[in-house]
Amino acid sequence: MYKTHTCGELRISDVGKTVTLAGWVHRYRDHGGIYFIDLRDRFGLTQVVINPEDSPELAKLVADVRVEWVLQVIGEVRARPADAKNPNLDTGDIEIYATEINVLNTCKPLPFSINKEENTDETLRLKYRFLDLRRERMQKNLILRHKIIKYMRDYLDAKDFLEIETPILFKTTPEGARDYLVPSRIYPGEFYALPQSPQQLKQLLQVAGVERYFQIARCFRDEDQRGDRQPEFTQLDLEMSFVERDDILDLMEDLFTKMCKDLVPQKKILFSPWPKLTYQEAMDRFGKDSPDLRFGMELVNISDLAKDCGFTVFESAIKDGGSVRGINAKTLGEYTRKQLDELTDQVKLWGGKGLAYVKISESGEESSPFKKFFSNEKWEELLKRMEAEKGDLLLFVADSKPAVVYDCLARLRVMLGDRLGLRDNNKLAFCWIVDFPLFEWSEEEQRWDATHHPFTRPKKEDFDLLSTDPGKVRGDQYDMVLNNYELASGSIRIHERWLQEKVFDLIGLPRDVARDRFHQIMDAFEYGAPPHGGIAPGIDRFVMLMADEPNIREVIAFPKNNAARDIMSGAPSPAMEGQLRELHIKVVYPEEEKKS
RNA sequence: GGGGGCGUGGUGUAGCGGCUAACAUGCGGCCCUGUCAAGGCCGAGAUCGCGGGUUCGAACCCCGUCGCUCCCGCCA
């Protein structure tokens, strides 16, 4: 080893020892003779002192040392003078009095600074990711990610789960997200697909009698990027046999609760046990199925009051099958016309037609463009239902499409929650969303579509509805939600062939296509498939939230950029002609495609 | 596929029609023996992403283009 101790472990009790440290020069200070070097490794910082009176050759060597050089330092641990201690450093009571220094490597001037936090263009950070990751913030994130994954492994191991790897080269399933394809050299014109998730395989493992499976699974989806999406991402993939919904929920709730308490003790879980909201309840109260439960400002339905009020905007929305709902933005009653206009513009950007408001000033004065349409009784009822008080701002969205009303108010709620400082990152509001509709009607395709995936089992009490009213069928599906983010999605699966076929029929998947793509799982269902279910929390997203990072690139060692490119290596890149020939592939560029 | 924002020394920013393009930090040199974001002095470093246009004059206005980023679509 190049070192006897790390740069983070020496204390006052080690004074007198001769030690060897190795690491990077975090900072150096030259006082015209006496030199200080803050030596850094993954474990901390230790101050090294070089005194030219005792060792003139050392001082000569050190004069050339620059930031991020790699040094090995041999010396004596000394207590610092009382007035020179540094309470900000774990090792601040001591310093190393150097007797020998070996330069293990030098370092060019940096493209950006490592020893201080500053905004840096992300392209540059990604290009020099190996330097970016040296920074304290990134090291913290890597460590936290490791701890979270280790916690999951240890916890599940203790619960008798088996970690089993499933293939990265598998079969394409064209529904859902686009697949990444891998050409086969041996079979011209045939392709593997990288898994969007190990869904079928983990179900097959249940048929195989594994009973409790998990995997830290890499998943691949060829879709456009977002701050919380990458072409490849990692899930805690999990599946169990002989379980019902609450068995899975209880297990996950226990794991995540303990994990948060142990790994991020500064963050407080607001509700225990976690609330369970039905999908419908989540929509009605918060306008979305991944609500932020850290604050109120819940949606209120005033459709009945607005129905015959005389205000055309409200009336026509309801007449055309929609609704009118509002939120009470507490304490914003003094918003100016300009600020309200900005909110309205925002709502229009989200697809809403506009925003109706009631301003109540601190003195109790009400102003609203639609008050004149309401009778006194109805107006009083409106204020009462909205729990309106002096200084409040009531905001309403009306639309013939219920989804638009939900969506606009949900976004508005989160936006105003931010402005009012109600979304404290040290509060964790976990909840479960249950009883999702199993199918939704696709206008585009004019058929029913699985909302989650086609393996989700319908709730038993809704079996009859499969034939009569598919839109009303609820799935035995559940989402884990934390602070406005969907963290995990799971379900009890279908384990009977007849039921699986029925669902495939309903979503308009022709029998022969179903057979081609899913024959392995359909066959398996006929060989004693046990009842089973599972869930898959997204690890990147969870680590991001625990690390208070704004996007998942900050918690992935080597992420792709927004255009799915790896800036560091340049991937994807053209393949050599020989490789393509071997793979029986001919590239047709978009321009040529247009011509033909 | 569509929309918004950004692009100025190595890095982070200012300048938004009239400059020799400013500041901080970093870099190089000199001074300084107890600092810890050390300090002081001096110096080098930018054809303002690229192309075109408007103008007497463009970093600044317009058009196009490229790159990054955020959002919509998309993500069973």
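So that the names make sense, note that chain A is the first sequence line, chain B the second, and so on, each numbered from 1. Quantities reported herein were computed from a predicted structural model and do not represent experimental measurements.
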Checking the side chain of [X] only, and the main-chain atoms of [Y] only, is there a donor and an acceptor separated by less than 3.5 Å?
| X | Y | result |
| --- | --- | --- |
| A/Arg423 | A/Asp292 | no |
| A/Gln215 | A/Thr166 | yes |
| A/Gln139 | A/Leu133 | yes |
| A/Arg245 | A/Ile492 | no |

Please report the distance separating the [atom1] of [N] from the corresponding atom of [M], rounded so that it comes out in whole Å.
| N | M | atom1 | result |
| --- | --- | --- | --- |
| B/U11 | B/G26 | C1' | 7 Å |
| B/C61 | B/G2 | C1' | 26 Å |
| B/C72 | B/A14 | P | 27 Å |
| B/G39 | B/A24 | P | 13 Å |
| B/C16 | B/C6 | C1' | 14 Å |
| B/G10 | B/G49 | P | 12 Å |
| B/G29 | B/U65 | P | 47 Å |
| B/G57 | B/C71 | C1' | 39 Å |

d([atom1], [X]; [atom2], [N]) in whole Å:
| X | N | atom1 | atom2 | value |
| --- | --- | --- | --- | --- |
| A/Tyr97 | B/G34 | OH | P | 13 Å |
| A/Ile114 | B/G10 | CD1 | P | 19 Å |
| A/His31 | B/C30 | NE2 | C1' | 16 Å |
| A/Tyr28 | B/A37 | OH | P | 16 Å |
| A/Asp30 | B/G29 | CG | P | 11 Å |
| A/Asn86 | B/U35 | CG | C1' | 10 Å |
| A/Asp64 | B/C27 | CG | P | 14 Å |
| A/Leu131 | B/G10 | CG | C1' | 13 Å |

Check every strand shown and say whether [X] touches a base, only sugar-phosphate, or nothing at a heavy-atom separation below 4.0 Å.
| X | answer |
| --- | --- |
| A/Ser113 | nothing |
| A/Asp121 | sugar-phosphate |
| A/Asn88 | nothing |
| A/Glu118 | sugar-phosphate |
| A/Arg80 | base |
| A/Lys127 | nothing |
| A/Pro81 | base |

May I ask you to check whether [X] and [Y] show a side-chain donor-acceptor distance below 3.5 Å?
| X | Y | answer |
| --- | --- | --- |
| A/Thr123 | A/Arg125 | no |
| A/Ser569 | A/Asp566 | yes |
| A/Tyr478 | A/Asp435 | no |
| A/Tyr35 | A/Asn51 | no |

Under a 3.5 Å cut-off for both contacts, is [N] paired Watson-Crick or G-U wobble with anything, and if yes, with which nucleotide?
| N | result |
| --- | --- |
| B/C41 | B/G29 |
| B/C6 | B/G67 |
| B/A14 | none |
| B/U20 | none |
| B/U55 | none |

Out of curiosity, A/His453 NE2 to A/Ser489 OG, how far, rounded to the nearest 0.5 Å?
-> 7.5 Å

State the CZ-CZ distance between A/Arg129 and A/Arg134, to the nearest 0.5 angstrom.
-> 14.0 Å

Ring centroids of A/Phe112 and B/U11 base under 5.5 Å with planes under 30° | no

N/O (side chain, [X]) to phosphate O (OP1/OP2, [N]) under 4.0 Å:
| X | N | value |
| --- | --- | --- |
| A/Arg29 | B/A38 | yes |
| A/Arg125 | B/C68 | no |
| A/Asn119 | B/U13 | yes |

A/Trp24 ring center within less than 6.0 Å of A/Trp69 ring center = no

With ring centroids as reference points, do A/Phe518 and A/Phe455 lie under 6.0 angstrom apart?
-> yes

Produce a footprint string for nucleotides 42-51 of chain B: one letter per nucleotide, 5' end first; B if the base is under 4.0 Å from any protein heavy atom, S if only the sugar-phosphate is, - if neither.
-> ----------

What one-letter contact string describes nucleotides 70-76 of chain B from 5' to 3', where B marks a base within less than 4.0 Å of any protein heavy atom, S marks contact via sugar-phosphate atoms alone, and - marks no contact?
-> BSBBBBB

Cation-pi check, A/Arg78 onto A/Tyr97 ring (under 6.0 Å, within 45° of axis) | yes

Of the listed nucleotides B/C27, B/G34, B/G12, the one nearest the side chain of A/Thr120 | B/G12

Out of B/G34, B/U69, B/A37, which has the shortest distance to the side chain of A/Arg27?
-> B/A37

If you pin A/Gly32 and A/Leu124 to their nearest nucleotides in RNA chain B, which one's is more 5'?
-> A/Leu124

